[in-house]
Amino acid sequence: MTAQILDGKALAEQLRTTFKTRVAALMARNTCPGLAVILAGEDPASQVYVRNKVNACEAADVFSQKIIFPADVPQNALLAKIAELNADAAIHGILVQLPLPRHIHEASVLAAIAPEKDVDGFHAENLGALAQGVPRFIPCTPYGVMKMLETHRVDLPGKEIVIIGRSNIVGKPMALLLIHAGATVTVCHSRTRDLAAHTRRADILIAAAGKPRFISADMVKPGAIIIDVGVNRLPDGKLCGDVDFEAARETASLITPVPGGVGPMTIAMLLANTIEAAERKAEAAAAK
Ligand code: GUN
């Protein structure tokens, strides 16, 4: 079997046309959705992600503001900027690019973001709502993966789903969403014994470990669906995922490529959340 490619780039493009309509409707109500993106430090990958997010805003007619701090920024300066953005009526979404420099306490910074502007869905209040099954903002990467599965009409109830990676950004919220969708979810990570025994059982395998091509074809159940969240840079500068794509596509039924798979969907869902935040604010203002 050669797998069908799950094209995230094309799906993100389709979604963008629906965003344009929603943004136009907001503009007609004198609201321009606005996103602030904060980056602390010079991590090259984070710089690329932030640039892509700002460019996507521009293409969707969403206002964006990029705020760059040096790597040695004091935590108080970050908190002061977040407080300013919380009070800024032109900003509907605030995103702090992770990882933060080591001296910064990540949870304190995320807690400072007003929950109604937390378009990453990382604030404890939003993560709590997600855990309760009543999400307010769904973290962008897991949200994008759910959209891809939904678009391809992948049936989730009862499916064996194995997630590799237990991060707050992908693994944990992904597991919550899939549990609520009725799947049987296993979360594997760096301390998991006999990873291949788990992955070979998976009807759907979601790799978010950040290790280039470490999922080989023999770790994949024939006919499985593979979602590759990994974005790894090889020594020659090329990007690759966590899965050995060329080999695994001969075993899987559906597979996401890297680049062009989950990455564009993450950005699309960030736009979706930002537009949603602006819509909620406009609705609340109209109800007053
Ligand atoms: N770093 C890697 N992925 C993400 C993301 O989705 N949001 C933020 N804020 N930082 C990230």
Side-chain angles (χ1 to χ4, degrees), residues 8 12 35-57 62 64-69 71 73 78-79 81-82 85-86 91-102 104-115 117-127 130 135-148 163-177 206-211 227-233 239 241-242 256 258-259 261-274 276-277:
L35 174 71
V37 182
I38 299 177
L39 173 62
E42 281 103 43
D43 176 59
S46 290
Q47 286 175 335
V48 172
Y49 294 143
V50 165
R51 193 185 326 128
N52 289 344
K53 288 170 184 177
V54 168
N55 289 346
C57 283
V62 169
S64 69
Q65 196 181 339
K66 185 164 75 173
I67 299 134
I68 311 277
F69 287 104
V73 58
L78 275 182
L79 296 178
K81 181 44 98 177
I82 291 169
L85 295 165
N86 283 342
I91 295 297
H92 303 91
I94 302 170
L95 179 150
V96 178
Q97 186 65 28
L98 303 177
L100 285 164
R102 292 166 69 96
I104 305 276
H105 189 246
E106 184 182 292
S108 302
V109 170
L110 296 177
I113 300 172
K117 295 193 179 188
D118 171 38
V119 287
D120 253 332
F122 294 162
H123 189 287
E125 199 175 290
N126 288 324
L127 215 47
L130 179 65
R136 293 164 51 91
F137 287 115
I138 300 174
C140 304
T141 299
Y143 195 5
V145 171
M146 293 304 281
K147 264 279 179 258
M148 290 171 113
I163 301 170
I164 308 172
R166 54 176 157 171
S167 72
N168 292 336
I169 297 176
V170 183
K172 285 183 206 164
M174 189 80 253
L176 289 171
L177 286 165
I206 302 179
K211 290 192 201 165
I227 306 289
D228 193 348
V229 181
V231 181
N232 309 290
R233 202 165 284 280
L239 291 181
D242 287 353
T256 62
V258 177
V262 176
M265 288 301 292
T266 295
I267 293 185
M269 302 332 283
L270 172 63
L271 291 175
N273 281 346
T274 303
E276 174 88 33

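Both counts, for ligands and for their atoms, begin at 1 and track the order of listing. Hydrogens, waters and symmetry mates play no part in the numbers below; they use all other heavy atoms, side chains included.
Between Gln97 and ligand 1, at least one pair of N/O atoms sits closer than 3.5 Å. Some N or O of Val96 is nearer than 3.5 Å to an N or O of ligand 1, by distance alone. Considering backbone and side-chain atoms together, Thr141 places no N or O closer than 3.5 Å to any N or O of ligand 1.
In terms of modelled atom types and a separation under 3.5 Å, the side chain of Asn86 and the main chain of Ala114 share a donor-acceptor contact. Of the possible polar contacts, none joining the Lys66 side chain to the Val50 backbone as a donor-acceptor pair under 3.5 Å is found. Using a distance-only test at 3.5 Å, with no hydrogens or angles considered, no donor-acceptor pair links the side chain of Lys147 to the main chain of Met269.
Protein heavy atom at the shortest distance from atom 4 (C) of ligand 1 is Ile169 CG2, 3.9 Å. Atom 10 (N) of ligand 1 has Leu98 N, 3.0 Å as its closest protein atom, hydrogens excluded (heavy atom only). For atom 9 (N) of ligand 1, the nearest non-hydrogen atom of the protein is Asp120 OD2, 2.6 Å.
Contact of the Asp120 side chain with the Cys140 side chain is registered, since non-hydrogen atoms from C-beta on lie closer than 4.5 Å.
Nearest heavy-atom pair, Thr266 versus Thr141, reported as atom, atom and distance to 0.1 Å: OG1-OG1, 2.9 Å.
We find the NZ-CG distance between Lys211 and Asp242 to be 9.0 Å, quoted to the nearest 0.5 Å.
Within ligand 1, the atoms closer than 4.0 Å to a non-hydrogen atom of Phe122 are 7 (N), 8 (C), 9 (N), numbered from 1 in the order shown. Close approach of ligand 1 to Leu95 (heavy-atom distance below 4.0 Å) involves ligand atoms 9 (N).
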